[in-house]
There are 2 protein chains.
Amino acid sequence: MDRAQSILRENGLKATKGRLEVLKLFIGAGRPIAQKEIMAMARLKLDRASVYRVLNAFLEAGIIHKAYMDGRHAVFELPDSCGEDHCHPHFSCRGCGATTCLKGMKVYSEGSPGKGFTMERQKVLIEGLCPRCSS
Amino acid sequence: MDRAQSILRENGLKATKGRLEVLKLFIGAGRPIAQKEIMAMARLKLDRASVYRVLNAFLEAGIIHKAYMDGRHAVFELPDSCGEDHCHPHFSCRGCGATTCLKGMKVYSEGSPGKGFTMERQKVLIEGLCPRCSS
DNA sequence: TTATCAATTGCAACATAGTTGCGTTTATGA
DNA sequence: TCATAAACGCAACTATGTTGCAATTGATAA
Ligand SMILES: [Mn+2]
Ligand SMILES: [Mn+2]
Ligand SMILES: [Zn+2]
Ligand SMILES: [Zn+2]
């Protein structure tokens, strides 16, 4: 039984063709991907609605999380270099739109959100210009 | 000449009724608002497309910025307690969906994104439960 | 292995955010 | 006041994501 299969098993999700395909794409990609990319990269034809349902199932199980919003669409990834309560930062290029995981950066917060707030996860997005677009 | 008018003047934007109305809403709100809210709060009838054009003009001029994405729609605010290169963090409640500006919190990032990256702005979103939804 | 049955899929219709073309209106400055 | 470029209203369009329903399929038990 391969890695994708056991992840689904562990999370009580039926190992359907579509789910295996999508999960393998995430494992292979090693970077955040969007629904559109998933459709494009998939070898077997997947229905748009089904891909969204797979993504939502993975989200609910915590297999993936929403890394950030790229304009109007969400981009997902496997948690990697992420703690329980924070994710690694992402860099979004204003020039070409490309996004980079900043797994080497750490983020510290000072002060508290206020009495009564329960913080569950912190997401950091840094905007700017990537090396190609800076020059 | 009131504040809204002079802001538009300073940024070389014609002081149209719609722009004045929207800008005054931002000034009065003191919190991030979305296009839908703007339409609802406005006294004079505004066209949807025109509101988006006003928002885009304000964005381009730097009068407002996109605070965060609330699900599928963008939420905008006047820069407040924001430096040149970073914005104050926002808290988004998983329970009720409400969002709070965390103007008292500071977030520092350690390490660099990598050679060649030009960082322009840092955005932080903290997810969790607000005081009402925590109890 | 085969039968069963709830979970999942594909399709189509829908919902919602945001953009764009075009003809009309309006703010500005001469 | 007038001329003009910018902005607006409207309607049509694009794109992301969701949902109802009938057909399919994966897990489990016989
Ligand atoms: Mn990442
Ligand atoms: Mn804010
Ligand atoms: Zn770039
Ligand atoms: Zn809440």
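Protein chains get the first letters and strands the later ones, always in sequence-line order, with residue 1 at the start of each. Since this is a predicted model, take the numbers as computed values, not measurements.
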Would you list the protein and nucleotides 10-12 of chain C atom pairs, both N or O, that sit under 3.5 Å from each other?
unit_1, atom_1, unit_2, atom_2, d
C:dG10, OP2, A:S50, OG, 2.7
C:dG10, N7, A:R53, NH2, 3.0
C:dG10, O6, A:R53, NH2, 3.0
C:dC11, N4, A:R53, NH2, 3.3

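In the helix from C:dT1-D:dA30 to C:dA30-D:dT1, the rotation axis of the first five pairs and that of the last five pairs differ in direction by 40°, rounded to 10 degrees.
Close to C:dA7, at under 4.0 Å from its OP1 or OP2, lies no side-chain N or O of A:T16. The shortest distance between the side-chain N/O atoms of A:Y52 and the OP1/OP2 oxygens of D:dT18 is not below 4.0 Å.
Residues A:M69 and B:Y68 have side chains not in contact (no heavy-atom distance under 4.5 Å, counting atoms from C-beta outward). No side-chain heavy atom of A:R94 sits under 4.5 Å from any side-chain heavy atom of A:C130. Within the 4.5 Å cutoff, the side chain of B:H65 has heavy atoms near those of the B:R121 side chain. Taking 4.5 Å as the limit, every side-chain heavy atom of B:K123 sits out of range of all side-chain heavy atoms of B:H86. The side-chain heavy atoms of B:V124 and A:Q122, taken from C-beta on, include a pair separated by under 4.5 Å. Taking the side chain as every heavy atom from C-beta outward, B:S112 and A:M105 never approach each other to under 4.5 Å. The shortest side-chain heavy-atom distance between A:K36 and A:H73 does not fall under the 4.5 Å cut-off.
Nucleotide C:dT9 holds its P atom 13 Å from the NZ atom of A:K17, rounded to whole Å. One can place CE of A:M39 at 14 Å from P of D:dA15, the figure rounded to the nearest angstrom. One atom, CE of A:M69, and another, P of C:dG18, lie 11 Å apart when rounded to the nearest Å. One atom, CD of A:E60, and another, P of D:dT18, lie 12 Å apart when rounded to the nearest Å.
Each of A:G18 and B:H73 lies near DNA chain C, and the nucleotide nearest A:G18 is the one positioned closer to the 5' end.
Here the nucleotide nearest the side chain of A:L13, chosen from D:dA7, C:dT8, D:dG26, is C:dT8. Considering only the side chain of B:K36, C:dA17 comes nearest among C:dA27, C:dA17, D:dT16.
Qualifying side chain to side chain donor-acceptor pair (under 3.5 Å) partners for B:D80, counting only residues two or more places apart in sequence or in other chains: B:K103.
Side chains of A:H90 and A:E127: no donor on one and acceptor on the other come within 3.5 Å.
No contact: B:A57 has no heavy atom under 4.0 Å from any strand.
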